[in-house]
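One structure is given here, and the rest of the page talks about it.
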Amino acid sequence: MAVIFLLIFVLFSSSNFASALLPTTGPDFSCSADSPTSCQAYVTYISQPPSYKDLGSIADVFGVSHSSVSKANKQVSADGQLVPGQPLLIPINCGFTGNHYFANVTYRMNRGDNYFHVPATSLENLTNLCAVTDLNLGLNPTDVMPGSDIIFPLFCKCPSKAHSNAGVKFLATYVWQSIDDVFNVSNKV
Ligand SMILES: *[C@@H]1O[C@H](CO)[C@@H](O)[C@H](O)[C@H]1NC(C)=O
Ligand SMILES: *[C@@H]1O[C@H](CO)[C@@H](O)[C@H](O)[C@H]1NC(C)=O
Ligand SMILES: *[C@@H]1O[C@H](CO)[C@@H](O)[C@H](O)[C@H]1NC(C)=O
């Protein structure tokens, strides 16, 4: 199994909508001179019933094949069922855009989805509204209908030379959950 290094991504907890627009703290998703411009990376998704409680429905959120997610998560049972809160690694293609790494994910809007809320709900804060709005400048959010495919840029990163030298082949983005502590995060994946 290749070594995957977790990028712990800390968000300001916010109780109102406006503060969700604040920049996030945590790892730097910018590029360093010795990092490749694209690579395979992972994001960590936490199973959340009722909609996203099995491998297939979560793979569909990110538009990736079920088999690629199975391959990255050998601990998941064959039926793909997950317990609530179980983390799943999702393989994504990470690339350098502007001055940050992002993985473009095509998300199909479901009935009841709100463009402004998708980053914090279905996408579990693996992106934020600033990044989403920057990528979709021509888009009028009120025109977004159920069934529309919208590109959401997820935070990701390619290993630097220092990572590679340390044997790290892939980086995984993990959004800090308030119930976590440092010890059980590292046990999760
Ligand atoms: C995303 O972040 C917001 C603001 O901190 C938080 O209220 C929300 O619960 C988070 N979403 C998930 C799925 O953890
Ligand atoms: C993501 O999409 C943007 C806008 O279409 C594009 O400029 C960028 O190169 C894409 N990035 C990746 C990693 O595919
Ligand atoms: C992580 O540890 C905290 C505090 O020890 C505990 O409340 C929480 O349930 C643990 N989370 C998991 C997923 O084991």
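We count ligands from 1, going down the list as the structure has it; atoms in each ligand are counted the same way.
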Distance (rounded to the nearest 0.5 Å) between Leu135 CG and Asn104 CG: 5.5 Å
How are the rings of Tyr42 and Phe170 set to each other: parallel, tilted or perpendicular (split at 30° and 60°)? perpendicular
Please identify each residue that fulfils salt bridge (Lys or Arg N to Asp or Glu O under 4.0 Å) with Asp143, with sequence neighbours left out. none
Contacts of Phe96 that satisfy ring-ring contact (aromatic ring centres under 6.0 Å, His included) - sequence neighbours left out: Tyr101
For residues 101-114, pull every pair meeting salt bridge (charged side-chain N to carboxylate O under 4.0 Å, His left out), keeping only residues two or more places apart or in separate chains. Arg108-Asp149
Below 3.5 Å only, please: the N or O atoms of ligand 2 paired with protein N or O atoms, distance on each line.
residue: ligand 2; atom: 2 (O); partner: Asn104; partner atom: OD1; Å: 3.4
residue: ligand 2; atom: 2 (O); partner: Asn104; partner atom: ND2; Å: 2.3
residue: ligand 2; atom: 11 (N); partner: Thr97; partner atom: OG1; Å: 3.3
residue: ligand 2; atom: 11 (N); partner: Asn104; partner atom: ND2; Å: 3.0
residue: ligand 2; atom: 14 (O); partner: Asn104; partner atom: ND2; Å: 3.3

Do any nitrogen or oxygen atoms of Asn125 lie less than 3.5 angstrom from nitrogen or oxygen atoms of ligand 1? yes
Test Tyr107 against Phe62 for ring-ring contact (aromatic ring centres under 6.0 Å, His included), laying out the working first. CA-CA 6 Å; Tyr107 175 85; Phe62 297 92; 8.6 Å; no
